[in-house]
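Note that the structure is predicted; figures quoted are calculated from it, not measured. All heavy atoms count here, side chains included; hydrogens, waters and symmetry mates do not. Residue numbers begin at 1 in each chain, while the letters A, B, ... track the order of the sequences.
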Protein chains: 2
Amino acid sequence: MVSIKDVARRAGVSVGTVSNVINRPSYVSPDTRARVTAAIDELGFVRSESARQLRAGRSRTMALLVLDIANPFFVDVARGAEREARGAGLGVMLCNSGHDPAVEAEYLSLFAEQRVRGALITPADANGANVASFRRRKIPFVMVDRVEMSDELCSVSIDDEVGGELAVRHLVRAGHTQIVFVNGPLTLAQCRDRLAGASRVIKDAGLPAEALTVLEAEQMTVASGRDAGSRLLGLANRPTAVFCVNDLVALGVLQAMFTAGVRVPEDVAIVGYDDIEFASAAAVPLTSVRQPAFRMGQTATELLIEETGEDSAEHQHRRVVFQPELVVRASSPASWRR
Amino acid sequence: MVSIKDVARRAGVSVGTVSNVINRPSYVSPDTRARVTAAIDELGFVRSESARQLRAGRSRTMALLVLDIANPFFVDVARGAEREARGAGLGVMLCNSGHDPAVEAEYLSLFAEQRVRGALITPADANGANVASFRRRKIPFVMVDRVEMSDELCSVSIDDEVGGELAVRHLVRAGHTQIVFVNGPLTLAQCRDRLAGASRVIKDAGLPAEALTVLEAEQMTVASGRDAGSRLLGLANRPTAVFCVNDLVALGVLQAMFTAGVRVPEDVAIVGYDDIEFASAAAVPLTSVRQPAFRMGQTATELLIEETGEDSAEHQHRRVVFQPELVVRASSPASWRR
DNA sequence: AGCGATTCATGAAACGATTCACAAGTCCCT
DNA sequence: AGGGACTTGTGAATCGTTTCATGAATCGCT
């Protein structure tokens, strides 16, 4: 591997000069600069990031740890983050915990060893033990898609209660009185909050609590949605509307309806969450609660950069909360009658 | 930041000993080992990957550069690669070129600076200029989803001609004589090969060349599929079957059919490619040509590890070619009549 | 007691870049 | 001519780890 020393020898200058040519060309006279540049090209020199980093004490890479890379929502977050990071000359290390706290822990210690500039993380363990130990290492990070209670770090999230409200209010207004909420595990704050929003609407509308039945789709994937879909068809009083914790689950439910010959939206209306591209691309385009995923990724990265930038001294930890938005499509008309 | 020196001082030993405790504990007597371990815990010491890397001359990270992270096919490749890499104690840096050769070039030089162990890449530039310059840096890499002509590197790909054949043969046997192929740009080898396979079947079946019309969906996304779908509805002699270059395009076409009130598969049959999860989750589950994406990622990583491992001397560059498989679903019944 | 073998720990030399105090040379001005 | 200012380049120290030659201590054996 050719090093800066080889370049220096070739160009007949000291290593310091080569470094200057690379990092502050104006310090060097034009002709030595030309000589050094020529040597660099001839030798195919590439500077070693690890050496720079060792010297500088900080790296030029940030990490992004998502819960499920197969979910387009997180892919959008990642794209937003990557765009923003690349603008700031930072590389992004994108990793997938797959909801597994053990994998999460493994990655966090990898990040610590790499001395990443900071990390964006969608936490997999409910109690935040991993994150807490990560914090001890003083590595700055930003919570994504979870409000953070402590004042010690930034977070970017979406108001999930409002999301739950939007979806269920839409259904109630359309005339539904038998609604199933296919939720994810309640260990996730998002799921708890969406349920809270949904329940509140039921209550405020003066409907009995039984108007809302909750099923769980543990994995929050298409497959588990399909499964929940067939379960809900077997319920004693079959619902006329289904609200799903995300679009993957909603697509699964939609398919279960098709398979069973249940028409959407005539027999059952469906509302999803996230508004991934595939929601609008579905056979019956899905009504969905849109989350600004790309912007979340961007904003989270901005916060991280601010926290680790030159003027980091004056950085105030913040909690950015985005508002979701309901996108009504064919799967749940505004006015419904059997 | 606490370094190995601090640990040494705290434990009252030399830095060499601390290093030994971490890397070859058996060299150290049990009680000094205990003292050192205690010091490490108390101080929260985390070893610096960049220092190790500088010393070792090689890193413990590999890179994966995909064409389009929004495409579930590549996500599966990434998951396969990540699984395999993690098993070998390697981190994965997952990046997205978005089909842009400029972005690709940027990432490649980032990888070179990072001295990644190696890279898996789905090349974005047709002529391979970026890759060629990367090769000069001696960084080992494996081509994914493209057969490589030179003997200087490994590649993992899928036989796209066979894929095109499978799809179109299926349609021809079902009785279709007016088929549209919604292809991607012919600059991509995959697109050329699938077209070749498709054409061959038409010819072998004794059908006229006009039996196969080719449209282009430039972006190969749902949106461009939707667009192609409405275009093909306006064709002089409307096709009875559509073969799409990937499932995203197929989903777009499917939706265009729904919107126009054209029934699938009664009026038009559809066949996709990749067999992503959303293909089977579609309203009308899509027939698709399945590619072993996860295994491709795994295999590519295995090749890379073999190339960079201890016994790398005896590494022979290889071209692994997987065979695709047709999965027939509701969107294209085996026997079709109008 | 003497001697080789074995066990443990040490300290210095790398790895490749950046930075900084300093030196040498040039220029301008009085 | 002398001296301050500026330009340009140098060389050594530094970052945190691993490795390796070396040394000290202990042990077992004759």
Side-chain angles (χ1 to χ4, degrees), chain A residues 1-37 39-40 43-61 89 109-110 112-117 137-139, chain B residues 1-37 39-40 43-61 89 109-110 112-117 137-139:
Chain A
M1 201 84 250
V2 24
S3 87
I4 203 174
K5 263 186 218 155
D6 305 315
V7 176
R9 198 173 320 130
R10 175 86 164 216
V13 297
S14 74
V15 293
T17 301
V18 177
S19 178
N20 282 334
V21 169
I22 298 170
N23 301 300
R24 7 235 298 209
S26 66
Y27 283 27
V28 182
S29 75
D31 63 331
T32 43
R33 202 191 310 159
R35 243 177 30 246
V36 170
T37 318
I40 289 177
L43 268 45
F45 166 73
V46 178
R47 67 196 197 278
S48 155
E49 182 60 27
S50 42
R52 306 187 67 193
Q53 185 170 319
L54 174 59
R55 181 69 232 256
R58 53 158 35 186
S59 92
R60 288 164 49 236
T61 303
S109 57
L110 181 65
E113 291 193 356
Q114 309 245 58
R115 303 282 193 271
V116 294
R117 179 72 69 88
R137 309 262 143 85
K138 301 272 171 60
I139 300 177
Chain B
M1 200 84 250
V2 23
S3 86
I4 204 173
K5 264 187 215 154
D6 304 313
V7 175
R9 198 172 320 128
R10 174 86 163 218
V13 297
S14 72
V15 293
T17 302
V18 176
S19 178
N20 281 334
V21 168
I22 298 170
N23 301 300
R24 25 244 268 232
S26 67
Y27 284 27
V28 183
S29 74
D31 63 330
T32 44
R33 202 193 308 161
R35 252 188 9 257
V36 171
T37 318
I40 288 177
L43 268 45
F45 165 73
V46 179
R47 66 185 195 270
S48 155
E49 182 60 27
S50 41
R52 304 188 69 193
Q53 186 170 318
L54 174 58
R55 179 67 231 251
R58 51 153 40 181
S59 92
R60 287 164 50 237
T61 304
S109 56
L110 181 64
E113 290 194 356
Q114 309 244 57
R115 304 282 194 270
V116 295
R117 179 73 69 91
R137 310 261 141 85
K138 301 271 169 64
I139 300 177

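- The backbone N or O of A:Glu49 lies less than 3.5 Å from no partner atom in the side chain of B:Gln53, so there is not a single donor-acceptor pair.
- When all heavy atoms of B:Phe45 and B:Ile4 are compared, the pair lying nearest together is CE1-N, 3.5 Å.
- At the heavy-atom level, B:Gly57 lies nowhere under 4.0 Å from the strands shown.
- B:Arg58 has its CZ atom 22 Å from the P atom of C:dA14, to the nearest Å.
- Between B:Arg52 and D:dT18 there is a side-chain polar atom (N or O) within less than 4.0 angstrom of OP1 or OP2.
- DNA chain C is contacted by both B:Gly12 and A:Ala56; B:Gly12 maps to the nucleotide lying nearer its 5′ end (nearest heavy atom per residue).
- Heavy atoms of B:Ser19 sit under 4.0 angstrom from at least one base atom.
- Regarding contacts with the backbone of D:dT10, a side-chain N or O of A:Thr17 is found under 4.0 angstrom from either OP1 or OP2.
- Taking atom CZ of A:Arg60 as the reference point, atom C1' of C:dA17 lies 13 Å away to the nearest angstrom.
- Rounding to whole angstrom units, CZ of residue B:Arg55 and P of C:dA12 are separated by 16 Å.
- Projected onto DNA chain D by closest heavy-atom contact, A:Gly16 and B:Arg24 fall at different nucleotides, the more 5' of which corresponds to A:Gly16.
- A close approach under 4.0 Å does not occur between any side-chain nitrogen or oxygen of A:Ser48 and OP1 or OP2 of C:dG16.
- At whole-Å resolution of the value, CD in A:Glu49 and C1' in C:dA17 are 10 Å apart.
- Shortest non-hydrogen contact noted between A:Thr37 and A:Val21 is OG1-CG1, 4.2 Å.
- The side chain of B:Thr32 contributes an N or O atom lying less than 4.0 Å from OP1 or OP2 of C:dA9.
- Taking only side-chain nitrogens and oxygens, A:Ser29 comes nearer than 4.0 Å to OP1 or OP2 of D:dG9.
- Both A:Phe45 and B:Ser26 lie close to DNA chain C; mapped to their nearest nucleotides by heavy-atom distance, the more 5′-ward contact belongs to B:Ser26.
- In this structure, A:Gln114 places its CD atom 17 Å from P of D:dG16, rounding to the nearest Å.
- Within 4.0 Å of A:Val28, counting heavy atoms only, lie sugar-phosphate atoms of the nucleic acid but no base atom.
- B:Glu113 has its CD atom 10 Å from the P atom of C:dA17, to the nearest Å.
- Among the heavy atoms of the strands, none lies under 4.0 Å from A:Val18.
- B:Arg115 is listed as a side-chain neighbour of A:Ser48, based on a closest heavy-atom distance under 4.5 Å.
- Within the 3.5 Å criterion, the main-chain N or O of B:Ala11 finds a donor-acceptor partner in the side chain of B:Arg35.
- The separation between B:Leu54 atom CG and D:dT14 atom P is 17 Å, rounded to whole Å.
- Phosphate contact (OP1/OP2 of D:dT18, side-chain N/O of B:Asn20, threshold under 4.0 Å): absent.
- In plain terms, the two heavy atoms of B:Arg137 and B:Ala112 that are nearest each other are CD-CB, 4.3 Å.
- In this structure, B:Arg9 places its CZ atom 11 Å from P of D:dG16, rounding to the nearest Å.
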